[in-house]
Protein chains: 2
Amino acid sequence: MFAAELHASTPLRPGATAPLAVAQPVMQFSEGKSLYEEGDDAACFYRLVSGVVRTCRFSQDGRRHIDAFYMPGDVFGFELTREHGFTAEAVTDCVVIPCRRRGAEELAAQNGTAQDGAAARQLYGYAMQQLARAQAHAQLLGRYGAAQRLAGFLLELSAGKNPPIVELPMSRQDIADYLGLTIETVSRALAQLQKDGVIKLLAARLVEVKNRAALAEICG
Amino acid sequence: MFAAELHASTPLRPGATAPLAVAQPVMQFSEGKSLYEEGDDAACFYRLVSGVVRTCRFSQDGRRHIDAFYMPGDVFGFELTREHGFTAEAVTDCVVIPCRRRGAEELAAQNGTAQDGAAARQLYGYAMQQLARAQAHAQLLGRYGAAQRLAGFLLELSAGKNPPIVELPMSRQDIADYLGLTIETVSRALAQLQKDGVIKLLAARLVEVKNRAALAEICG
DNA sequence: CGAATGGTTGATTGTGATCAATTCCCGTGG
DNA sequence: CCACGGGAATTGATCACAATCAACCATTCG
C-alpha cells in the first residue's frame with residue numbers, strides 16, 4: 001500500500017549523494033507548500049530526506065484524491081511523460097533531494113539505444129514498487145469497507161514500529177481523501193476500532209496499536 | 001485506466017519475434033483457463049497476441065478484485081519479485097508470447113551493474129504505463145459513483161473505435177469486480193446510461209456509444 | 001479570554017448491496 | 001424447426017453502510 005517501508009531504513013542525510021541521475025542541492029518545503037503541480041514539467045524526481053509528502057489529484061467535481069503518502073527514503077515524482085501526473089505537497093515541513101532526469105530514461109519505451117541502462121534499471125525498481133502499492137490501493141478502495149480501509153492504513157503506518165505507537169502526520173481530511181471516505185467516517189471508524197480494543201487514541205494524531213493481529217484480521 | 005491502447009495498433013502475429021528478453025513459442029489458452037496463478041514463479045512475462053486477459057486477486061473474505069484487462073499488444077506479468085502478484089486468466093480464448101526473464105532486470109534495484117540496460121529500459125516503460133493505469137483505477141474506485149465508473153470504463157473500451165460500437169468481451173461479474181460494484185448495480189447503471197441516451201445496448205455484450213462527450217462529462 | 005481550526009458525535013438521507021424473481025439468450029437435442 | 005434447459009442478465013423490493021447536514025467539543029494561537 002505504501003512505499004514507506006522501502007528504503008526507510010536507510011534515509012539519506014542532507015548533503016549525501018543520491019545514487020542515480022544527477023543529484024541537486026537539497027530543497028526544503030514547509031507544511032502545505034507544493035513541491036510541484038500536476039502538469040508541471042517533470043524535470044526532476046525526488047528522494048525524500050525528512051518529513052512527509054502527499055501526491056494528489058482533483059476530479060472534475062472538485063473532490064480530492066490522494067494517491068500516496070511518502071516517507072523518508074522514498075523516491076517519487078518520476079514520470080514516463082514530460083509532465084507530472086500528480087501534485088506533490090508537503091504534509092509536514094520536509095527536505096528533499098531533487099534529481100535531474102537525464103532525458104534518456106523516460107524515453108526508454110520509444111528508443112531502444114543501449115546507453116544509460118543503470119539509471120533505467122534503478123528507476124524500474126522504483127516504478128515496480130509504486131505499481132505494487134497502487135494496485136494494493138485500488139484493491140483496498142474497490143473491495144473493502146470503512147473499518148477495513150482504516151485497519152489496512154494503520155497496519156502500513158505501524159509496520160516495523162516498536163513500541164507500536166503511530167504518529168499520524170496527516171489530517172483526517174488527508175486520510176479520508178486517501179481512503180475514499182469522509183472525515184466523519186474516518187473519525188467513527190477510529191472510534192469503533194478503539195471501542196473494540198484494537199487501538200487506543202492517545203491523541204487525535206497519536207495511535208497506539210493494541211492488537212496488531214486483530215488489525216490484520218479486520219483488514220483481510 | 002487500461003493499458004489497452006498502448007501498442008494496440010501493432011499487435012504481433014503468432015510467430016513474430018518479441019522485442020525484448022527471450023521470446024518463446026506462442027501459447028494458447030482457452031476461455032476461463034489461467035495463464036498463471038498468484039504466487040507462481042514469475043519466470044516469464046507475456047505479450048498478448050489475441051484475445052483478452054484479466055489479472056485478479058481475492059480478499060480474505062473471498063471477494064474477487066480484478067486489477068486489469070489486457071488487450072492484444074499489451075505486455076503483462078512482469079514482476080519485481082520472484083512471484084506473480086496476481087492470477088492471470090483468459091477472458092476469451094487467447095494467444096500469448098511468453099518471454100523468459102533474464103534474471104537481471106528484476107534485480108535492478110539491488111545490483112547496479114551496467115549490463116542489459118536495454119531490456120530494463122523497455123520494462124521500465126511498461127511498468128510506468130501500468131503504474132499510470134493503476135493510479136487512475138484507484139482514483140476511479142475511491143472518488144466516483146457507479147454511473148461514473150461505468151462511463152469511465154466504456155470510454156476506455158471505446159477509445160479509438162469508429163464506428164463507436166464496443167464489444168464487451170467480459171461478463172457483468174468481471175466488470176463488477178473491476179469497478180468495485182455488484183452485477184446488479186452494473187446492470188442498472190448501464191440501463192440508466194441507455195435511458196439518458198448516452199449509449200445503446202445492442203445486445204448484452206454489445207454497446208453503441210451514442211454520445212461520447214456526455215460519457216466524458218459524466219466521468220469527469 | 002475569545003476566535004479559529006481541527007476533530008468528534010448525532011440525526012437523517014441516499015446510494016449501492018443484498019435478497020429474490022423473472023426474462024433473455026444461446027446452445028443442444030428431439 | 002422448434003422445444004427445452006441452463007447460465008447470464010435484468011428488474012424489483014428491501015436493507016445497510018457511508019455521505020451529508022448540523023451541532024458540539026478540544027486545542028491552539030493571538
Side-chain angles (χ1 to χ4, degrees), chain A residues 30-32 54 59 61-65 91-92 140-154 166-196 199-207 218 220, chain B residues 30-32 54 59 61-66 91-93 140-154 166-196 199-207 218 220:
Chain A
S30 49
E31 183 180 328
R54 66 175 173 251
S59 1
D61 65 349
R63 297 156 71 91
R64 186 178 66 158
H65 167 77
V91 173
T92 65
L140 193 77
L141 296 177
R143 287 284 146 201
Y144 293 92
Q148 295 177 301
R149 295 185 201 186
L150 254 299
F153 182 69
L154 291 174
V166 185
E167 204 213 325
L168 304 175
M170 69 293 285
S171 70
R172 293 291 188 271
Q173 190 64 61
D174 283 341
I175 298 173
D177 290 345
Y178 178 70
L179 296 178
L181 302 168
T182 59
I183 51 174
E184 293 95 331
T185 299
V186 169
S187 189
R188 279 186 253 268
L190 286 172
Q192 186 61 45
L193 287 174
Q194 176 164 236
K195 197 145 71 75
D196 297 344
I199 62 169
K200 186 162 204 291
L201 287 161
L202 305 175
R205 297 197 181 188
L206 198 63
V207 179
I218 291 166
Chain B
S30 49
E31 183 180 327
R54 64 174 174 251
S59 3
D61 65 348
R63 298 157 71 91
R64 185 178 66 158
H65 168 76
I66 292 183
V91 173
T92 65
D93 292 351
L140 194 77
L141 296 177
R143 287 283 147 204
Y144 292 93
Q148 294 176 302
R149 296 185 201 186
L150 254 299
F153 181 70
L154 291 173
V166 185
E167 204 212 326
L168 304 175
M170 69 293 285
S171 70
R172 293 290 189 270
Q173 189 64 62
D174 283 341
I175 298 173
D177 290 345
Y178 178 70
L179 297 178
L181 301 168
T182 59
I183 51 173
E184 293 95 332
T185 299
V186 169
S187 190
R188 279 186 255 267
L190 285 172
Q192 186 61 45
L193 287 174
Q194 177 165 236
K195 196 145 72 74
D196 296 344
I199 62 169
K200 186 162 204 294
L201 287 161
L202 305 174
R205 297 197 181 189
L206 197 62
V207 179
I218 291 167

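Quick note on labels: first sequence line is chain A, next is B, and so on, each numbered from 1.
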| field | side-chain contact (heavy atoms from CB on, under 4.5 Å) between A:Val207 and A:Leu201, worked out | value | CA-CA 5 Å; A:Val207 179; A:Leu201 287 161; 3.8 Å; yes

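One atom, CD1 of B:Ile175, and another, C1' of D:dA8, lie 12 Å apart when rounded to the nearest Å. Atom CG of B:Leu150 is separated from atom C1' of C:dT15 by 14 Å (rounded to the nearest Å). D:dG12 atom C1' lies 14 Å from atom CD1 of B:Ile183, rounded to whole Å. Note: CD (A:Gln192) to P (C:dT9) measures 11 Å, nearest angstrom. In this structure, the CZ atom of B:Arg205 is 12 Å from the C1' atom of C:dC26, given to the nearest Å. Distance B:Leu201 CG to D:dA8 P: 18 Å, rounded to the nearest Å. Between B:Leu179 atom CG and C:dT15 atom P the separation is 18 Å, expressed in whole Å. Between A:Glu31 atom CD and C:dG6 atom P there is a gap of 9 Å when expressed in whole angstrom units.
Counting heavy atoms from C-beta on, the side chains of A:Arg188 and A:Leu150 never come closer than 4.5 Å. Residues B:Leu190 and B:Ser187 form no side-chain contact, since every pair of their non-hydrogen atoms from C-beta on lies 4.5 Å or further apart. Looking only at side-chain heavy atoms (C-beta outward), A:Leu193 and A:Leu154 come within less than 4.5 Å of each other.
Nucleic acid contact class of B:Ala203 (heavy atoms, under 4.0 Å, all strands): none.
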| query | What string of B, S and - do you get for nucleotides 15-21 of chain D 5' to 3' if you count protein non-hydrogen atoms under 4.0 Å? | reply | ---SSBB

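For the pair B:Arg172 (side chain) and B:Ala204 (backbone), a donor-acceptor distance under 3.5 Å is present. Side chain of B:Asp177 to main chain of B:His65: no donor-acceptor pair is present (N/O by atom type, distance under 3.5 Å, no hydrogens or angles).
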